[in-house]
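Both ligands and their constituent atoms are indexed starting at 1 by order of listing. Just so you know, these numbers come straight off a predicted model, no measurement behind them.
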Amino acid sequence: MRDIQLQPSILASDFTRLGEQVLATAVAGLTHIHIDVMDGRFVPNISIGLPIVQALRPLADEHGLFLDTHLMIVEPEKYITAFARAGADLLTVHVETCPHLHRTIQLIKEAGMQAGIALNPATPTTVLEEILPDVDQVLIMSVNPGFGGQTYIPNSTNKIRRVRHMVHITRSSAKIQVDGGINEDTIGEAVQAGAERIVAGSAIFKVTRADGSIAENIQTLQQATAVAQQLHL
Ligand code: DX5
Ligand code: ZN
């Protein structure tokens, strides 16, 4: 059975209690923190950036956490060194922002980080054909990037399935990540289609039930994952 990793997107967290909330996900057993960086140009929203990565680095070191940084910015190559210095472990760039994608991937690796590439919902998987051997992670956006709390786009499931097939036939070691609209109703199909790194913001940090806590929200998603994996057998 494939190892499934649930990754909290801190975009949905309470920023006045960021450290405490990240810690709550760590205590619940999660090890990868998803950090959404937006520039108001590639996407119509501005979020967080280098200072937050830098602030989380000591906490990540103390608790063995991995900082997965999702850049939704134009010209991401300009900031590779800065994110490496701030302490990012993995940098994902959008293929739509990189005319020289291969070079950008090499620069990320040379800076000592793992490299991921993200595909917008309308970007075809054929874009992966030449670059798949060079990346550590492929991020399938299951909403249009820019905002948390959106609805999962149903076609994402087929897209994940196609990427899983490409990874399989090319014997690639790239991990498949899905991001956007993941909740207890959608996580199952994403897992069954072959996603293994599952990003969730609202479903983890927003209280979904009157008595829900971060730990309970994580447990709900893990239970839905377990059910989906059993169905898959
Ligand atoms: C969207 C971001 C996502 C977002 C997910 O542009 O890349 O990581 O935070 O949020 P939810 O899980 O609420 O859809
Ligand atoms: Zn993201």
Would you please classify the geometry between the His94 ring and the Phe42 ring as parallel, tilted or perpendicular, with 30° and 60° separating the classes?
-> tilted
Is there a donor-acceptor pair closer than 3.5 Å between any side-chain N or O of Ser47 and the backbone N or O of Asp39?
-> no
Determine whether Leu23 and Ile218 fall in the same hydrophobic cluster, where Ile, Leu, Val, Met, Phe, Trp and Tyr are linked whenever their side-chain heavy atoms lie under 4.5 Å apart.
-> yes
Would you find a donor on one side and an acceptor on the other, under 3.5 Å apart, between the side chain of Asn120 and the backbone of Thr123?
-> no
Are Gln177 and Gln7 linked by a side-chain donor-acceptor pair shorter than 3.5 Å?
-> yes
Is atom NE2 of His165 surrounded by more than 12 heavy atoms (other residues, nucleotides or ligands) closer than 6.0 Å?
-> no
Counting N and O atoms only, with roles assigned by atom type, does the side chain of Glu196 sit under 3.5 Å from a partner on the main chain of Ile176, one being a donor and the other an acceptor?
-> yes
Listed partners of Tyr152 passing ring-ring contact (aromatic ring centres under 6.0 Å, His included), at least two apart | none
Using a threshold of 4.0 angstrom between heavy atoms of the protein and any atom of ligand 1, which residues qualify?
-> Ser9, Leu11, His34, Asp36, Met38, His70, Met72, Met141, Pro145, Gly146, Phe147, Gly148, Gly149, Asp179, Gly180, Gly181, Val199, Ala200, Gly201, Ser202
Which protein N, O or S atoms lie under 2.8 Å from the Zn ion (ligand 2)?
-> His34 NE2, Asp36 OD1, His70 ND1, Asp179 OD2
Any salt bridge (Lys or Arg N to Asp or Glu O under 4.0 Å) pairs touching residues 53-76, not counting sequence neighbours?
-> Arg57-Asp61, Arg57-Asp89, Glu75-Lys78
